[in-house]
Every structure is written in C-alpha cells, then in structure tokens.
Amino acid sequence: MLPSSFRKQTLAVLTKHRVLLAVVFLLLGLFLTLLLSLSQGAVPLSFQQMLQALLRQGEQLQQTILWDLRIPRILAAMIVGSALGMSGALLQGMLRNSLADPFILGISAGAGLVVIVMVVLQVFQAWIPLAAWIGAIMTTAIVIFLGRSGNKISVERLILGGVAVSSLFGAVQSTLLLLAEDGQIQQALNWLIGSLNGRGWKEVTTAAPYVIIALIAGCLLARSLNLLALGDDLAVGLGVNLVRSRFLVAAVATLLAAGAVSVSGLVGFIGLVVPHGIRLMVGNDHRILLPLSALGGAWLLMFADLLSRLGAIELPVGSVTALIGSPLFIWLLYQNKSNS
C-alpha cells in the first residue's frame, strides 16, 4: 500500500502534465487554425503572399483582403468564442449543471427578441448590436429576479425561470417573423443563427475592451466556483456568501454572452461543448478550467468560421457550430459515461 503523501504527489504531477498537454494542444490548434484562416477563403493566399500582406508589402488587394476583411473577422471569432467558452464554464459551475450554457438564463431569447422587433419595425438599424446586448442583460436580470427565493437565489428556480422566459420570448419571435416581409426575415435569421460575415474593426474595437475585462473578472471568480461546487452547506461553512457569489458569476457570464451576441448574433454550442471537453482534459478546478475554456472557445469558433467560408457559398457560422457541436457533444457524453 502506497503512502497517502506519495499518492497525492503522484496525482499532482499527473494533473500538471495533463494541464500542460491541454495548453500545448490548444495553443498549437489555435496557431495552425490562425494560419489557415489568414490564407484560405474566397481568394486563397500562399504563405509568401500572406507574409508580405502582413508586413504591408506586395499587392494592395491582398493587403486589403488580409487587414480589412480576414484579420478583424478572425479577431471577432476569437473574442466571441472566448466569451462563450468562459460564460458556459461559469454557468455550469454556478448551477452545478453540466448541461448549462450561456443561453440557459434567457440570454438568447432576450437578444433575439430585441433584434427581431427592430428588424420588423425597421427602426434604429445601426443600433442592433447595442440593442441585442442590452436585451440580453435585461432578460437575465428578469430571470435572476424570478430565481430569488427569500434571501437567496435558488438554482432550480433560476433554471425554470430561464426556460419560461425563453419559451415566452420564442413564441413572440415566431409571431413577429410570420408577420414580417421576406427581406426582413432573412436579416433577422442572420442574427438568430449567428454569423461573422461582414464583421470588421468597428465590432472588434467596440466589444473587445468589455469582453477582456469580463474574462479577467471571470478568472477571479474561480475560487468562489470551487467552493460552490462543494455544496451550499459546506460553502456557507467556509464563509461563502451564496447570493453575492451567484449574482457575481451570473453577471459576469451574462456580460460575456451578451458581448458575444452583440458581435455575432446567437452562436450556439460553444458554451456547452467547450467546458465539457476542457473538463475531461484537466478536471474540475476552475482556476484552470475557466482560462482554458476561453482559449478553447476561441479556437473552436475560429475553426468553425474557417469551415463556414471554405465552400462555394458561405454558411452562417452558427450553422457550422451546430453541425460540429451536436456530434461532438454526443461523443463527450459517451466519454463521460465511460469514465464514470
């Protein structure tokens, strides 16, 4: 029988190796996908042409393609993916529910309803990203209010409130789409499905500061999430304020998801699948899980965006994430069942 101290040391070494392997895998995948995303598209660029364009040399058309179209789009994909990945990890940790994702609190329904109203009424079209962001935050605030039970926030009431609000807003969305004209329906669907087409430096510079601040704030909540994972009674015994902790986690997760929605629309499965995959690789320690979920989300959405524009017709990136995410999530569930 091995001494307990030796077993603990062995487990710590194995955990470090798994974390290091996961970091190397994600960084390598991110780098290779970045190179492919810069070089591939409607106008493929060789490595030499891509390098010249990056250095502001060579043909002006290639520089324009790289600096005005591909680079801001890639940065937008990384911003949205990292926000959704960490948001999903935060919500799964707060709700202690591995099926939670950034839209479980009604974020998608609130943002989508505001966008559809503005599209159908043809008002304030230039303010749609900001309106989607505000709609997502306001909807989450309503769900959190519904989730309050006395002086605490009930996880069960929070989930049920999110489902109820999402169903109500979804019904209103369907009714408005039935009353809309064909051109308006197409514009609304681009937001409801999720797309990075046409995203430029304006969207990147607007959303990046808020998302980066929220990512840092999310990492600072890792200790609280680790304590919440122990159960409410034990967490309270260790000095955790349940209401404040859950409110902070929900607020940061909502800001991340709302920031992502304001850039790309409603891109699904990133916040659901990525934390699952990272958890299988590195375990449940949120000090590691949260930053790696952000990194994994950035890589997966960049990869999905690359696939969306390789064909003759560009697909909405939300459709690609659904096509990738559904079988991947089934595989992750199978792996989780096999390991349990």
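- A continuous path of Ile, Leu, Val, Met, Phe, Trp and Tyr side chains, each step under 4.5 Å between heavy atoms, connects Val114 with Phe124, placing both in one hydrophobic cluster.
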Residues 158-167 side chain polar contacts: donor-acceptor under 3.5 Å, at least two apart:
from: Ser166; atom 1: OG; to: Gly162; atom 2: O; distance (Å): 2.8
from: Ser167; atom 1: OG; to: Val163; atom 2: O; distance (Å): 2.9

May I have the list of side-chain donor-acceptor pairs in residues 286-299 shorter than 3.5 Å, sequence neighbours left out?
from: His286; atom 1: ND1; to: Asn226; atom 2: OD1; distance (Å): 3.0
from: His286; atom 1: ND1; to: Asn284; atom 2: O; distance (Å): 3.3
from: Arg287; atom 1: NE; to: Asp285; atom 2: OD1; distance (Å): 3.1
from: Arg287; atom 1: NE; to: Asp285; atom 2: OD2; distance (Å): 3.2
from: Arg287; atom 1: NH2; to: Asp285; atom 2: OD2; distance (Å): 2.7
from: Ser293; atom 1: OG; to: Leu289; atom 2: O; distance (Å): 2.7
from: Trp299; atom 1: NE1; to: Gly29; atom 2: O; distance (Å): 3.2
from: Trp299; atom 1: NE1; to: Thr33; atom 2: OG1; distance (Å): 3.0

Validation: residues 79-91 side-chain donor-acceptor distances under 3.5 Å, sequence neighbours left out:
from: Ser82; atom 1: OG; to: Met78; atom 2: O; distance (Å): 2.9
from: Ser82; atom 1: OG; to: Ile79; atom 2: O; distance (Å): 3.0
from: Ser87; atom 1: OG; to: Ala253; atom 2: O; distance (Å): 2.8

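- Between Met50 and Leu35, the closest side-chain pair of non-hydrogen atoms falls below 4.5 Å.
- Applying the side chain to side chain donor-acceptor pair (under 3.5 Å) rule to Gln186 yields no partners; only residues at least two apart in sequence or on another chain are considered.
- Val261 approaches Trp191 most closely through the heavy-atom pair O-CZ3, 3.0 Å.
- Checked by atom type and distance alone, the side chain of Thr321 pairs as donor or acceptor with a backbone atom of Gly318 at under 3.5 Å.
- Two residues are said to be in side-chain contact when any heavy atoms from C-beta on lie closer than 4.5 Å; Arg157 and Leu146 fail this criterion.
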Practice task
Could you check Arg148 against Val243 for side chain to side chain contact (heavy atoms under 4.5 Å, CB included), going step by step and ending with a plain yes or no?
Solution key: CA-CA 9 Å; Arg148 288 184 64 89; Val243 175; 4.1 Å; yes
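- Side-chain atoms of Leu307 and Val317, non-hydrogen and from C-beta on, never get closer than 4.5 Å to each other.
- Taking a 6.0 Å sphere around CE of Met281, one finds it holds more than 12 heavy atoms contributed by other residues, nucleotides or ligands.
- Considering only residues two or more places apart in sequence or on other chains, Leu323 meets the side-chain contact (heavy atoms from CB on, under 4.5 Å) condition with none of them.
- Grouping the Ile, Leu, Val, Met, Phe, Trp and Tyr side chains by contacts below 4.5 angstrom, directly or via other members, places Leu36 with Leu34.
- Closest of all the heavy-atom pairs between Ala322 and Ser326 is O-OG, 2.9 Å.
- For the side-chain contact (heavy atoms from CB on, under 4.5 Å) test, residues two or more places apart in sequence or in another chain that qualify with Leu227 are Arg223, Leu230, Leu238, Val240.
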Practice task
For side chain to side chain contact (heavy atoms under 4.5 Å, CB included), just list the numbers for Leu95 and Arg246, CA-CA rounded to whole Å, side-chain angles, deciding distance to a tenth of an Å, and then say yes or no.
Solution key: CA-CA 9 Å; Leu95 300 176; Arg246 285 187 175 135; over 6 Å; no
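- In terms of heavy atoms, Thr254 sits closest to Ala136 at CG2-O, 4.2 Å.
- The CG atom of Leu221 lies 9.5 Å from the CG atom of Leu228; values are rounded to the nearest 0.5 Å.
- Not counting sequence neighbours, the partners of Glu314 by the side chain to side chain donor-acceptor pair (under 3.5 Å) test are Arg73.
- In this structure the side chain of Lys202 never reaches within 4.5 angstrom of the side chain of Pro72, judged on heavy atoms.
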Exercise for the section: Starting from the C-alpha separation in whole Å, work towards a yes-or-no answer on side chain to side chain contact (heavy atoms under 4.5 Å, CB included) for Leu255 and Tyr210. Expected result: CA-CA 8 Å; Leu255 287 174; Tyr210 303 102; over 6 Å; no
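- Under the side-chain contact (heavy atoms from CB on, under 4.5 Å) criterion, Thr64 pairs with Gln60, Asp68, not counting sequence neighbours.
- One finds the CZ atom of Phe47 at 11.0 Å from the CD atom of Gln52 (value rounded to the nearest 0.5 Å).
- With rounding to the nearest 0.5 Å, the separation of CG in Leu45 from CG in Leu38 is 9.0 Å.
- Between Val211 and Leu256 the shortest heavy-atom distance is O-CD2, 3.8 Å.
- No more than 12 heavy atoms of other residues, nucleotides or ligands shown are found within 6.0 angstrom of CZ on Phe303.
- Contacts of Ser319 classified as side-chain contact (heavy atoms from CB on, under 4.5 Å), with partners at least two apart in sequence or in another chain: Ile193, Pro316.
- Of all the heavy atoms in Arg18 and Val282, the pair that sits closest is NH2-N, 4.0 Å.
- The hydrophobic clustering, which links ILVMFWY residues whose side-chain heavy atoms are closer than 4.5 Å, places Val117 and Ile142 together.
- For Arg279, there are no salt bridge (Lys or Arg N to Asp or Glu O under 4.0 Å) partners at least two apart in sequence or on another chain.
- More than 12 heavy atoms of other residues, nucleotides or ligands shown are found within 6.0 angstrom of CD on Gln57.
- A heavy-atom distance below 4.5 Å is not found between the side chains of Val273 and Ile324.
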Handout entry: Step-by-step side chain to side chain contact (heavy atoms under 4.5 Å, CB included) determination, Val115 to Leu192
Key = CA-CA 9 Å; Val115 170; Leu192 293 178; 6.0 Å; no
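- To the nearest 0.5 Å, atom CD of residue Glu203 and atom OG1 of residue Thr206 are 7.0 Å apart.
- Membership of the apolar cluster around Leu20 extends to Val24, as traced through chained side-chain contacts below 4.5 Å between ILVMFWY residues.
- Sorted by first and then second residue, the pairs that involve residues 89-118 and meet salt bridge (Lys or Arg N to Asp or Glu O under 4.0 Å), not counting sequence neighbours, are Arg96-Asp232.
- Taking all atoms of both residues into account, the shortest heavy-atom contact from Leu30 to Met302 is CD1-CE, 3.4 Å.
- Here the CG atom belonging to Leu266 is positioned 10.5 Å from the CD1 atom belonging to Ile107, to the nearest 0.5 angstrom.
- The aromatic rings of Trp67 and Trp201 lie parallel to each other, with less than 30° between the two planes, well short of the 60° mark.
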